[in-house]
Amino acid sequence: MAHVVSVVALKGGVGKSTIALNLAATLHRAGHRVLVVDADPGQASCVEWARIGAEAGHDGPPVVALEGARLRRDLDR
């Protein structure tokens, strides 16, 4: 069974991306299948942090950027 965990807040700069990535990395390292969906195309913090981690050789969960209509249409893929 799939579970969805959302980390949301109206205000920026409160640590949403940091919390989401640390939670995802912990679950990934514990052997769970994890997907991080970065729904903030302007900032794309999760996507950027994942790229930097991969370049440094860290094994982390997959991160994709989806927004608006694409989120609803492409998430199942």
Side-chain angles (χ1 to χ4, degrees):
M1 174 195 301
H3 296 279
V4 176
V5 176
S6 299
V7 180
V8 298
L10 293 176
K11 184 179 180 316
V14 296
K16 297 179 296 287
S17 296
T18 302
I19 291 168
L21 280 175
N22 280 289
L23 177 60
T26 299
L27 291 169
H28 175 76
R29 289 186 186 121
H32 298 278
R33 288 181 50 196
V34 178
L35 173 66
V36 176
V37 178
D38 191 335
D40 183 358
Q43 190 77 14
S45 297
C46 292
V47 171
E48 181 65 12
W49 290 355
R51 182 190 63 77
I52 292 167
E55 287 176 357
H58 297 290
D59 175 37
V63 178
V64 297
L66 295 175
E67 63 173 303
R70 284 188 54 214
L71 179 63
R72 183 172 290 264
R73 184 188 70 217
D74 293 343
L75 189 56
D76 284 337
R77 282 192 303 123

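A quick note: this is a predicted structure, and the numbers were derived from the prediction, not measured.
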Distance check, rounded to the nearest 0.5 Å: Arg33 atom CZ versus His3 atom NE2? 12.5 Å

Would you say Val37 and Val63 are hydrophobically clustered, going by side-chain heavy atoms of ILVMFWY under 4.5 Å? no

Taking Val64's backbone N and O only, do any of them form a donor-acceptor pair with Asp38's side chain (distance below 3.5 Å, no angle check)? no

Cluster check Ile52, Leu21: I/L/V/M/F/W/Y, side chain < 4.5 angstrom: no

Check for a donor-acceptor pair, side chain of Lys16 on one end and backbone N or O of Ser6 on the other, with a separation under 3.5 Å. no

At what distance, to the nearest 0.5 angstrom, does CG of Asn22 lie from OG1 of Thr18? 7.0 Å

Within the supplied structure, the quantity of interest is the number of heavy atoms (other residues, nucleotides, ligands) at a distance under 6.0 Å from Arg29 CZ; does it exceed 12? no

Give the cluster check for Leu35 versus Leu66: same hydrophobic cluster or not, with ILVMFWY residues linked at side-chain heavy-atom distances below 4.5 Å. yes

